[in-house]
Asker: 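One structure follows; several queries about it will come next.
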Amino acid sequence: MCWSATADLAAGTVITAAGLASTAVTLRRGRPRELPLAALPLLLGAHQIVEAALWHRGGGSGPWTTAWAVIALPLLAVWIPFGTLLASPARVRPRLAVPAAAGAVTAAVLTHVLATTEVSADIREHTVGYGIGVPWPALVLGGYLLATVGSLLLADDTRLRLLGALAGAGALVSALLWRTAFVSTWCAVAAVASLVLLSWSLRPADRGRPGRAAGLRGAGSRDPGPRDRA
């Protein structure tokens, strides 16, 4: 993916459909705290479709390029860690505060960059390269990966940790194979990995506590029989 307009458009369509399904399931099951993560494929699907438009436009700068950069950089840097924090149990949230803080700082830096510089897109054979003048690139990239990949790896749910592992592996492979177009390829891998969120949203509800509570209520509210009343 991210190797042609057709691939981007196809990926965006499939991922958006998965996002619609995961969002609908989350709403139907009454899990509002999980809604940001469940809706993440909608954001990434739209991102792929924006890049498909950039392919057709031949790259360059302008609103479509800026929209791509806003989603890929500051928005994802805060969306993923804070979405993970909201969806996690209270006992896990303290350790998720670190990637959330890293995401907030990274997003602030990237927002300033996008507001003060022009972003350009360059078609490079089978991928799209983006020109963004980010200061301290190694530090900003580290904060970005800590926020996005790190928050998922620190999550309590096995599926979210799997998503983090897939995204981290994809980022590593992207950096090794397509160093000149890292962000474009990384977003494609992250978008595909986000389909795991559909499985996460479809997981059965934890009925352990309600079942036990119901059992206790049933035992405690048993109608007294004739011997008990006697």
Side-chain angles (χ1 to χ4, degrees), residues 1-4 7-23 25-26 31 34-51 68 71-89 92 95-96 98-100 102-103 106-107 126-128 130 140-179 181-204:
M1 297 179 191
C2 281
W3 300 316
S4 71
D8 264 321
L9 186 59
T13 302
V14 171
I15 293 165
T16 300
L20 289 171
S22 60
T23 301
V25 169
T26 301
R31 297 170 173 172
E34 298 178 4
L35 194 56
L37 275 188
L40 178 59
L42 290 176
L43 180 64
L44 293 176
H47 193 247
Q48 299 292 101
I49 293 171
V50 167
E51 189 166 80
W68 184 95
I71 296 173
L73 299 174
L75 190 52
L76 284 181
V78 293
W79 190 297
I80 294 176
F82 281 96
T84 305
L85 188 148
L86 280 172
S88 297
V92 181
R95 73 187 186 212
L96 292 172
V98 173
T106 302
H126 299 297
T127 189
V128 181
Y130 294 90
V140 172
L141 178 60
Y144 183 88
L145 292 177
L146 173 60
T148 54
V149 177
S151 61
L152 294 169
L153 291 175
L154 290 173
D156 185 59
D157 187 88
T158 303
R159 293 176 183 83
L160 294 183
R161 292 199 299 270
L162 172 61
L163 174 59
L166 290 173
L172 178 60
V173 170
S174 299
L176 293 175
L177 298 182
W178 296 283
R179 294 181 63 185
F182 169 78
V183 179
S184 176
T185 310
W186 146 247
C187 283
V189 175
V192 174
S194 72
L195 293 174
V196 176
L197 289 170
L198 179 56
S199 172
W200 173 70
S201 66
L202 290 169
R203 74 194 188 281

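Everything numeric in this text was worked out from a predicted model, so none of it was measured.
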Asker: Indicate the atoms forming the closest heavy-atom contact of P36 with G83, along with that distance.
Answerer: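 For P36 versus G83, the nearest heavy atoms are CB-CA, 4.0 Å.
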Asker: Just verifying a value: how many Å separate R159 CZ and L37 CG, rounded to the nearest 0.5 Å?
Answerer: 13.5 Å
Asker: Tell me the closest heavy-atom pair linking P89 and D156, and the distance in Å.
Answerer: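 So the minimum-distance heavy-atom pair works out to CG-OD2, 3.9 Å.
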Asker: For a quick test of reading the model, state the closest non-hydrogen atom pair linking L146 to A102 and the distance between them.
Answerer: CD2-CB, 3.6 Å
Asker: Donor-acceptor pair, distance only, cut-off 3.5 Å: does the side chain of S201 make one with the backbone of L198?
Answerer: yes
Asker: Just to verify, which of I80, I71, I15 counts as forming a side-chain contact (heavy atoms from CB on, under 4.5 Å) with L43?
Answerer: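 Between L43 and the candidates, side-chain contact (heavy atoms from CB on, under 4.5 Å) is satisfied uniquely by I71.
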Asker: Hey, could you give me the CG/CZ distance between L152 and R161, rounded to the nearest 0.5 Å?
Answerer: 11.0 Å
Asker: How far apart are the closest heavy atoms of Q48 and A11, and which atoms are they?
Answerer: NE2-CB, 3.7 Å
Asker: CG of L40 to OG1 of T84: how many Å apart, nearest 0.5 Å?
Answerer: 8.5 Å
Asker: Just do the side chain to side chain contact (heavy atoms under 4.5 Å, CB included) check on L154 and V98 with the steps written out, would you?
Answerer: CA-CA 10 Å; L154 290 173; V98 173; 5.9 Å; no
Asker: Is the shortest side-chain heavy-atom distance between L163 and W200 below 4.5 Å?
Answerer: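 The answer is no, as the side chains (C-beta and beyond) never meet within the 4.5 Å cut-off.
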Asker: Dump the intermediate steps for side chain to side chain contact (heavy atoms under 4.5 Å, CB included) on D8 and I49, then the final yes or no.
Answerer: CA-CA 6 Å; D8 264 321; I49 293 171; over 6 Å; no
Asker: For the CZ atom of R95 and the OG atom of S88, what is their distance to the nearest 0.5 Å?
Answerer: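 So the CZ of R95 and the OG of S88 are separated by 7.5 Å.
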Asker: Between atom CZ of F82 and atom CG of L96, what is the distance when rounded to the nearest 0.5 Å?
Answerer: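 One finds 10.5 Å between CZ of F82 and CG of L96.
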Asker: Could you walk me through whether L160 and L197 satisfy the side chain to side chain contact (heavy atoms under 4.5 Å, CB included) test, starting with their C-alpha distance in whole Å, then the side-chain angles of each, then the deciding distance to 0.1 Å, before giving a yes or no?
Answerer: CA-CA 7 Å; L160 294 183; L197 289 170; 3.7 Å; yes
Asker: Does L44 reach the side chain of L76, with side-chain heavy atoms less than 4.5 Å apart?
Answerer: yes
Asker: For the residue pair E51 and W68, what are the closest heavy atoms and their distance?
Answerer: OE2-NE1, 3.2 Å
Asker: Looking at S22 and G19, would you say the former's side chain and the latter's main chain have a donor-acceptor pair under 3.5 Å?
Answerer: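 Such a contact is found between S22 side chain and G19 backbone.
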Asker: What pair of heavy atoms forms the shortest contact from A147 to A77, and how long is it?
Answerer: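 Reported closest heavy-atom pair: CB-O, 3.6 Å.
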